[in-house]
Amino acid sequence: MDSTAFTSLGDLWDEVFGSQPDPDTWVVIATLVAALAAVLPQGVWRVARNAVTIAHEGGHGLVALLTGRSLSGIRLHSDTSGLTVSRGKPTGLGMILTAASGYTAPPLLGLGGAALLAAGHITALLWLATALLLVMLVMIRNAYGALTVVLTGGTFLLVSWLAGPQVQAAFAYAVVWFLLLGGVRPPFELQAKRARGAAGDSDADQLARLTNVPAGLWLFLFHAVSLCSLVGGGRWLLGL
């Protein structure tokens with residue numbers, strides 16, 4: 001390999017894993033407002049929630065693999081529900097962690113993204129998100145799910161390759177704000193459904209059966225993780 005190739009690889013490494021300057025404060029605030037506009041209005045949330053479902057089911061799938069389970073596939077539905085099927089012991093720590101990782105995945109991903117942005121690694125965050133979406137695409141088992149992941153991954157790829165630094169920064173901050181804020185709403189929605197006697201086979205109810213710990217306490221955990229992630233990640237993004 002000649003020196004030009006080494007130089008190109010070095011430039012690519014520096015571009016992806018090097019640090020980029022922080023955006024202006026107004027950009028951070030504007031992306032926060034944009035994320036709120038995607039999470040708070042019910043009509044917009046009904047569409048935007050698809051992205052949270054990708055993170056939710058991706059969390060189930062990733063933890064299933066990390067705990068030694070066999071991942072059979074992931075399905076994403078147009079009503080923003082999803083299903084991740086894994087094989088292994090029906091009880092035990094691996095199954096518990098897998099079940100607990102869905103509602104906690106979006107806010108924790110947002111927290112991790114906020115840490116990367118606080119360190120100036122904007123491009124690395126975009127490339128990492130693209131890579132995770134590509135890996136997830138392999139495990140998708142329905143057409144709607146594949147379309148959703150392809151469109152989401154394609155957006156990340158286009159921004160990573162074609163957009164300038166300021167657009168990349170604004171996009172990355174908007175995504176992380178959305179994960180942090182969007183991770184807070186689903187546990188409240190689940191709590192409301194359970195209060196109406198619905199969602200009897202939710203993650204919280206499955207965890208209750210696996211651990212003999214009441215579903216309400218698992219809901220409390222989901223709330224705690226999402227709210228603490230929002231506070232911590234928000235402080236990093238705002239530079240506080």
Side-chain angles (χ1 to χ4, degrees), residues 12-23 27-28 30-32 34-36 38-39 47-66 71 74 76 80 82 84 101-140 144-186 225-226 229-230 232-234 236-237:
L12 179 62
W13 179 272
D14 290 339
E15 179 181 351
V16 175
F17 296 103
S19 60
Q20 292 79 41
D22 295 333
V27 174
V28 179
T31 55
L32 168 58
L36 284 170
V39 171
V47 177
R49 199 183 192 282
N50 283 283
V52 175
T53 302
I54 291 175
H56 179 116
E57 300 302 331
H60 282 314
L62 178 60
V63 173
L65 292 174
L66 290 176
L71 186 59
I74 298 172
L76 306 173
T80 72
T84 299
S101 61
Y103 281 94
T104 56
L108 290 178
L109 285 172
L111 184 63
L116 284 174
L117 294 182
H121 296 304
I122 296 171
T123 305
L125 182 145
L126 296 175
W127 280 54
L128 178 60
T130 304
L132 289 173
L133 287 165
L134 287 174
V135 172
M136 185 174 178
L137 180 60
V138 176
M139 299 309 302
I140 295 293
Y144 181 83
L147 176 63
T148 303
V149 174
V150 166
L151 290 176
T152 305
T155 302
F156 275 91
L157 188 61
L158 288 175
V159 172
S160 301
W161 278 104
L162 302 179
Q166 289 300 316
V167 174
Q168 286 190 4
F171 179 76
Y173 271 77
V175 167
V176 172
W177 276 123
F178 175 75
L179 286 172
L180 290 170
L181 292 165
V184 172
R185 185 163 178 174
V225 170
S226 63
S229 295
L230 175 59
W236 281 336
L237 293 178

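For this chain, numbers begin at 1 and follow the sequence in order. FYI, side chains are in, hydrogens and waters are out, and symmetry mates aren't considered; it's all heavy atoms of this structure.
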Rounded to the nearest 0.5 angstrom, the CH2-CG distance for Trp127 and Leu132 is 14.0 Å
Sub-4.5 Å side-chain heavy-atom contact between Val176 and Leu116: no
Donor-acceptor check, side chain of Thr31 to backbone of Ala170, threshold 3.5 angstrom: yes or no? no
Test side-chain contact (heavy atoms from CB on, under 4.5 Å) applied to Ile54 and Leu133, step by step: CA-CA 9 Å; Ile54 291 175; Leu133 287 165; 3.8 Å; yes
Tell me the closest heavy-atom pair linking Ser101 and Gly59, and the distance in Å. OG-O, 3.1 Å
Run the side chain to side chain contact (heavy atoms under 4.5 Å, CB included) test against Ala119 and tell me which residues pass, sequence neighbours left out. His121
Testing the basics here: between Val52 and Pro186, what is the closest heavy-atom pair and its distance to 0.1 Å? CG1-CG, 4.0 Å
With rounding to the nearest 0.5 angstrom, report the OG1 to CD1 distance, Thr84 to Ile74. 4.5 Å
Shortest non-hydrogen contact from Ser160 toward Thr130: OG-OG1, 4.2 Å
Which heavy-atom pair separates Gly183 from Pro107 by the least distance, and what is that distance? CA-CD, 4.0 Å
Are any of the side-chain heavy atoms of Trp177 and Val28 separated by less than 4.5 Å? yes
List the residues meeting side chain to side chain contact (heavy atoms under 4.5 Å, CB included) with Ala163, not counting sequence neighbours, and say none if there are none. Val159, Val167, Gln168
Tyr103 side chain reached by Val225 side chain, heavy atoms, under 4.5 Å: no
Between Leu181 and Ala35 the two heavy atoms that sit nearest each other are CD1-CB, 3.7 Å
Which is it for Tyr144 and Asn50 under the side-chain contact (heavy atoms from CB on, under 4.5 Å) test, yes or no, and what are the steps along the way? CA-CA 11 Å; Tyr144 181 83; Asn50 283 283; 3.0 Å; yes
CH2 on Trp161 to CG on Leu126, rounded to 0.5 Å: 12.5 Å
Mind listing the closest non-hydrogen atom pair of Pro23 and Ala169 along with its distance? CB-CB, 4.1 Å
Determine whether Ile140 and Val150 make a side-chain contact, defined as any pair of heavy atoms from C-beta on separated by less than 4.5 Å. no
Does a side-chain heavy-atom distance below 4.5 Å link Met136 with Glu57? yes
What distance do Phe178 atom CZ and Leu109 atom CG have between them, rounded to the nearest 0.5 Å? 12.0 Å
Could you tell me the separation between the CG atom of Leu76 and the CG atom of Leu147, rounded to the nearest 0.5 Å? 10.5 Å
Should Leu71 and Leu62 count as side-chain neighbours, where that means a heavy-atom distance under 4.5 Å? no
Atom CG of Leu111 and atom CG of Leu179: how far apart are they, to the nearest 0.5 Å? 11.0 Å
